[in-house]
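The figures here come from the full heavy-atom set of this structure, side chains too, leaving out hydrogens, waters and symmetry mates. Everything quoted here is computed from the prediction, not taken from an experiment. Indexing begins at 1, ligand by ligand and atom by atom, following the structure's order.
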Amino acid sequence: MNALETQPFAGWTIIDVDQAPSTNDLAARESPWTVVRARRQTAGRGRQNRHWVSSEGGLWLSAVLPAPPSEWVASTAPLVAGLAVVRALGELGVRPVRLRWPNDLMVDERKLGGILAERPGIDRLIIGLGLNVHNDPERDDPTLMGQTISLARLGLGNLGVSDLSTAVLDALQRVFHCWVERGFGALLPDFESLWGTPRQVRIVVDQTTLTGRFLGIDAVGNPRIETDSGSVHVVFGPLVWQLIET
Ligand code: BTN
């Protein structure tokens, strides 16, 4: 990789590159507590291998963590990272951000960013974060019209990619230590306020679609919904293809 600059920050080593296919792919070769940050990505990826538009002006970074020894890492990692990002943004004064299960950072009905958690091996976990700052995904991809938002459009264009990164990495480190030392259960109360007002959702699992009101998560991060008949269902997260707010 052609690093522009490498700098230490609070236990992290941040590698800046001008362009990457996907920072998650570059980070997969690195050791824990390394971060790869790119000005733009040419093949940014989202959940379920969807294309992630990542032109200059956004925050595109991937942080490598030592994978905690838990069978639930895959389903809880994006949630833990989402919690860290919402906290970091809150500390910077960006308050209206909520989570949409499992990996979306939302402002009202629009997407501000997303998280892609991947495991290149059993020992490492990669948290890829994409955050719209000065970029406009809708200009790059008109099919996203009306679905996204950026910090600049929220009037927060003064927040630079560098300040955002350090706040996120700091929060990620704190939340990660809590997750490893005390378990996901210790973080559960923090999620309660993060989903925003209860919304009607459609959850697509294989050939089936479940509809109901999103109630939050269970002890291992699976989504819980209440159907129109009033019964509460826990949906096995790893099988969920898509959760759509209706
Ligand atoms: C999603 O909402 O589906 C997740 C989007 C994650 C995008 C980030 S940008 C940095 C990192 N590199 C990638 O290719 N994807 C993640």
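The side-chain heavy atoms of V36 and D16, taken from C-beta on, include no pair separated by under 4.5 Å. The closest side-chain heavy-atom distance from R124 to P32 is below 4.5 Å. Using a 4.5 Å heavy-atom threshold, the side chains of P66 and F176 count as touching.
Set against the non-hydrogen atoms of S62, the atoms of ligand 1 under 4.0 Å away are 11 (C). Remark: ligand 1 atoms within the under-4.0 Å shell around heavy atoms of D104 are 2 (O). Annotation for ligand 1: atoms under 4.0 Å from non-hydrogen atoms of T23 are 10 (C), 11 (C), 12 (N). Of all atoms in ligand 1, listed by their number and element, those nearer than 4.0 Å to a heavy atom of L61 are 10 (C). Each of the atoms 12 (N), 13 (C), 14 (O) of ligand 1 lies under 4.0 Å from some heavy atom of S22. Taking every non-hydrogen atom of I115 and a distance limit under 4.0 Å, the qualifying atoms of ligand 1 come out as 4 (C). Within ligand 1, the atoms closer than 4.0 Å to a non-hydrogen atom of R47 are 1 (C), 3 (O), 4 (C), numbered from 1 in the order shown.
Using a 4.0 angstrom heavy-atom cutoff, Q48 does not count as in contact with ligand 1.
Under 4.0 angstrom from ligand 1, there are no non-hydrogen atoms of R50. Contacts with ligand 1 closer than 4.0 Å are made by side-chain heavy atoms of Q41 only, the backbone lying farther away.
Salt-bridge annotation for E245 and R98: present, with a side-chain N of the basic residue lying under 4.0 Å from a carboxylate O of the acidic one. For the pair R37 and E5, the salt-bridge criterion is not met [side-chain N within less than 4.0 Å of a carboxylate O].
In terms of protein heavy-atom proximity, atom 1 (C) of ligand 1 is nearest to N103 ND2, 3.3 Å.
With E91 contributing its side chain and A167 its backbone, the two residues share no donor-acceptor pair below 3.5 Å. Checking side-chain atoms of D206 against main-chain N and O of T208 turns up no donor-acceptor pair under 3.5 Å.
Note on ring orientation: taking the six-membered ring where Trp is involved, the planes of W195 and F214 are perpendicular (angle over 60°, cut-offs 30° and 60°).
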